[in-house]
Amino acid sequence: MSRKNLELQLAERPKANVIPGQTFKLVESDAPTAGDLKDGQILVETYYLSLDPGPRSWLYDFTSYIPPVAIGERMRGFGIARVLASKSSKAKEGDMVVSRSGWAEFAIVDESQFDVIALPKGTKITDALGAAGLTGQTAYFGLKHIGDPQAGETVVISGAAGATGSIVGQICKLKGCRVVGIAGSDEKCEMLTEELGFDVALNYKSPTFRDDFEKATPDLINVYWDNVGGEILEAALDRAAFRARFVMCGSISGYNSIGTGTQPGIRNLFQVTIQRVKMEGFVVFDYQDDYPEAIGALGQWLAEGKIKGKETVVQGGIKVVDKAFCDLFEGKNTGKLMVQVKPYDE
């Protein structure tokens with residue numbers, strides 16, 4: 001009897017929020033086999049799937065930094081997987097890899113779409129998706145090439161309890177900065193200061209947030225890391241120091257309303273001119289040739305205990321991935337959000 005495979009395919013383009021059971025359809029089919037492999041390919045079985053806000057933009061019918069997902073196409077995504085069979089010189093049977101295999105239990109992956117996991121002792125396998133994965137690398141490259149934090153400077157991070165923001169803050173602490181994190185609950189704020197070493201953490205839902213934000217940035221903001229956009233970006237622009245650097249990493253507050261005409265504009269962009277603010281966007285794929293450098297640094301910091309990776313791991317396999325994806329936009333995760341497809345036993 002042939003092995004079966006579950007995957008989630010895009011069924012319709014969401015006009016606002018993703019609707020579990022409607023935006024994507026769960027499809028069962030015969031799993032691919034070693035006999036289906038071509039030269040340079042591997043057959044993998046997924047253990048963990050990475051869930052990130054950016055792929056929400058791939059569901060719109062326009063090209064962003066990659067083409068949109070087509071109706072009927074398997075939803076794209078990264079995962080940790082085990083190699084079941086290989087016709088690639090890069091990996092052998094049994095290797096654990098990070099692969100662009102999408103939201104599926106089994107997949108065939110081309111040689112350019114995976115890397116063998118090679119993290120130092122003292123790290124865990126899920127760090128390959130989180131703190132030393134693309135989210136950690138996003139923090140590394142955004143700071144290196146745009147933020148350029150210097151000792152003694154004030155760094156403010158929105159979405160600070162998320163996968164990328166939590167690593168941004170810890171790297172800035174290593175560089176001797178004063179770090180202010182913004183998050184959506186008192187529990188997340190406590191985690192940022194008590195566990196990750198942030199100097200200050202502010203709950204943006206607090207009725208006193210604006211006053212608290214001003215008090216937390218008495219010397220204004222030298223580096224602002226934007227994960228959310230919207231009103232918090234406006235608040236940061238009002239507190240920008242002369243020649244501040246604004247790292248434009250994401251705008252999760254508006255991902256579900258792109259093209260609807262309901263997104264308010266940023267009303268104080270003149271601050272960019274007044275304060276000579278450098279405001280630059282990027283995606284981690286811009287630096288793919290330098291991934292080994294980032295993985296090496298992040299892996300070493302993790303192994304040495306200099307940074308910590310926070311994770312939210314959802315149980316339930318492929319069937320719950322679309323619901324877990326929605327949790328991202330409701331702020332239900334702390335740190336890296338991923339779904340466990342199959343238990344991993346080292």
Side-chain angles (χ1 to χ4, degrees), residues 8 14 17-20 23-24 46-59 75-80 98 103 124-139 142 157-171 181-198 201-205 225-230 232 249-256 284 298 302 307-341 343-344:
L8 281 165
N17 295 344
V18 167
I19 302 173
T23 302
F24 300 96
T46 303
Y47 282 71
Y48 295 93
L49 280 177
S50 173
L51 297 181
D52 308 283
R56 175 63 183 86
S57 68
W58 306 348
L59 305 183
M75 181 57 184
R76 301 175 202 147
F78 289 84
I80 292 173
V98 172
W103 292 4
K124 55 187 183 298
I125 192 71
T126 49
D127 287 331
L129 285 183
L134 286 181
T135 44
Q137 293 169 49
T138 298
I157 305 150
S158 63
T164 298
S166 59
I167 301 299
V168 171
Q170 293 179 82
I171 293 175
I182 301 172
S185 72
D186 291 340
E187 292 76 16
K188 289 182 178 181
C189 289
E190 182 178 0
M191 179 273 293
L192 291 174
T193 55
E194 298 303 314
E195 295 184 40
L196 302 188
F198 283 49
L202 305 175
N203 183 350
Y204 71 86
K205 296 178 182 177
W225 185 286
D226 187 27
N227 286 313
V228 303
I232 296 177
C249 179
S251 298
I252 194 172
S253 67
Y255 284 170
N256 283 323
V284 69
L298 293 162
L302 283 164
I307 63 173
K308 300 175 183 178
K310 302 296 293 183
E311 300 173 351
T312 299
V313 180
V314 177
Q315 307 293 324
I318 295 294
K319 294 179 180 180
V320 305
V321 172
D322 55 349
K323 172 61 173 66
F325 185 60
C326 295
D327 291 346
L328 274 172
F329 304 92
E330 297 175 10
K332 292 184 178 180
N333 62 298
T334 298
K336 179 68 182 179
L337 179 63
M338 60 188 82
V339 170
Q340 184 186 76
V341 180
Y344 174 71

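When a residue number appears, it is its place in the shown sequence, counting from 1. Values reported hereafter were calculated over all heavy atoms of this structure, with side chains retained and with hydrogens, waters and symmetry mates removed.
At a threshold of 4.5 Å between non-hydrogen side-chain atoms, the residues Thr138 and Cys249 count as touching. Residues Ile167 and Leu298 have side chains in contact (heavy-atom distance under 4.5 Å, counting atoms from C-beta outward). Taking the side chain as every heavy atom from C-beta outward, Trp225 and Thr164 approach each other to under 4.5 Å. By the 4.5 Å heavy-atom criterion applied to side chains, Ile318 and Leu49 are counted as neighbours.
Contact between Lys188 and Gly331 at its shortest, heavy atoms only, is NZ-O, 2.6 Å. Smallest separation of non-hydrogen atoms from Tyr48 and Gln340: OH-NE2, 3.4 Å. Shortest non-hydrogen contact noted between Val339 and Gly317 is CG1-O, 3.5 Å. Closest approach of Asp52 to Leu328, counting heavy atoms only: C-CD1, 3.3 Å. Here the closest non-hydrogen pair linking Ala161 and Met191 is CB-CE, 3.9 Å.
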Show the atom names and distances, to 0.1 Å, of all donor-acceptor pairs under 3.5 Å that link a side chain in residues 307-315 to residues at least two apart or in another chain.
unit_1	atom_1	unit_2	atom_2	d
Lys308	NZ	Glu195	O	3.2
Lys310	NZ	Glu195	OE1	2.6
Glu311	OE1	Thr126	OG1	3.1
Glu311	OE2	Thr126	OG1	2.6
Thr312	OG1	Thr334	N	2.9
Thr312	OG1	Thr334	O	2.9

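In this structure, the side chain to side chain contact (heavy atoms under 4.5 Å, CB included) partners of Ala160, at least two apart in sequence or on a different chain, are Ile157, Leu192, Phe198. For the side chain to side chain contact (heavy atoms under 4.5 Å, CB included) test, residues two or more places apart in sequence or in another chain that qualify with Pro20 are Asp322, Lys323, Cys326. Residues passing the side chain to side chain contact (heavy atoms under 4.5 Å, CB included) test with Ser158, sequence neighbours excluded: Tyr224, Asp226, Asn227, Val228, Ile232. Shown here are the ring-ring contact (aromatic ring centres under 6.0 Å, His included) partners of Tyr47, two or more places apart in sequence or in another chain: Tyr344. Scored by the side chain to side chain contact (heavy atoms under 4.5 Å, CB included) test, Ala163 finds Thr135, Lys336 as partners (sequence neighbours excluded). Considering only residues two or more places apart in sequence or on other chains, Glu194 meets the salt bridge (Lys or Arg N to Asp or Glu O under 4.0 Å) condition with none of them. In terms of the ring-ring contact (aromatic ring centres under 6.0 Å, His included) criterion, residue partners of Phe24 (sequence neighbours excluded) are, by chain and number, Trp103.
A donor-acceptor contact closer than 3.5 angstrom links the side chains of Asn203 and Asp186.
One distance of note links CZ of Arg56 with OG1 of Thr23; it measures 7.5 Å at 0.5 Å rounding. The CG atom of Leu59 lies 9.5 Å from the CZ atom of Arg76; values are rounded to the nearest 0.5 Å. To the nearest 0.5 Å, the span separating CE on Met75 from CG on Leu51 amounts to 9.0 Å. Put simply, OG1 on Thr46 and CZ on Phe78 are 13.0 Å apart, with the number rounded to the nearest 0.5 Å.
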Before you tell me yes or no, could you show the steps for Asn17 and Phe329 under side chain to side chain contact (heavy atoms under 4.5 Å, CB included), namely the whole-Å CA-CA distance, both residues' side-chain angles and the distance that decides it to 0.1 Å?
CA-CA 9 Å; Asn17 295 344; Phe329 304 92; over 6 Å; no
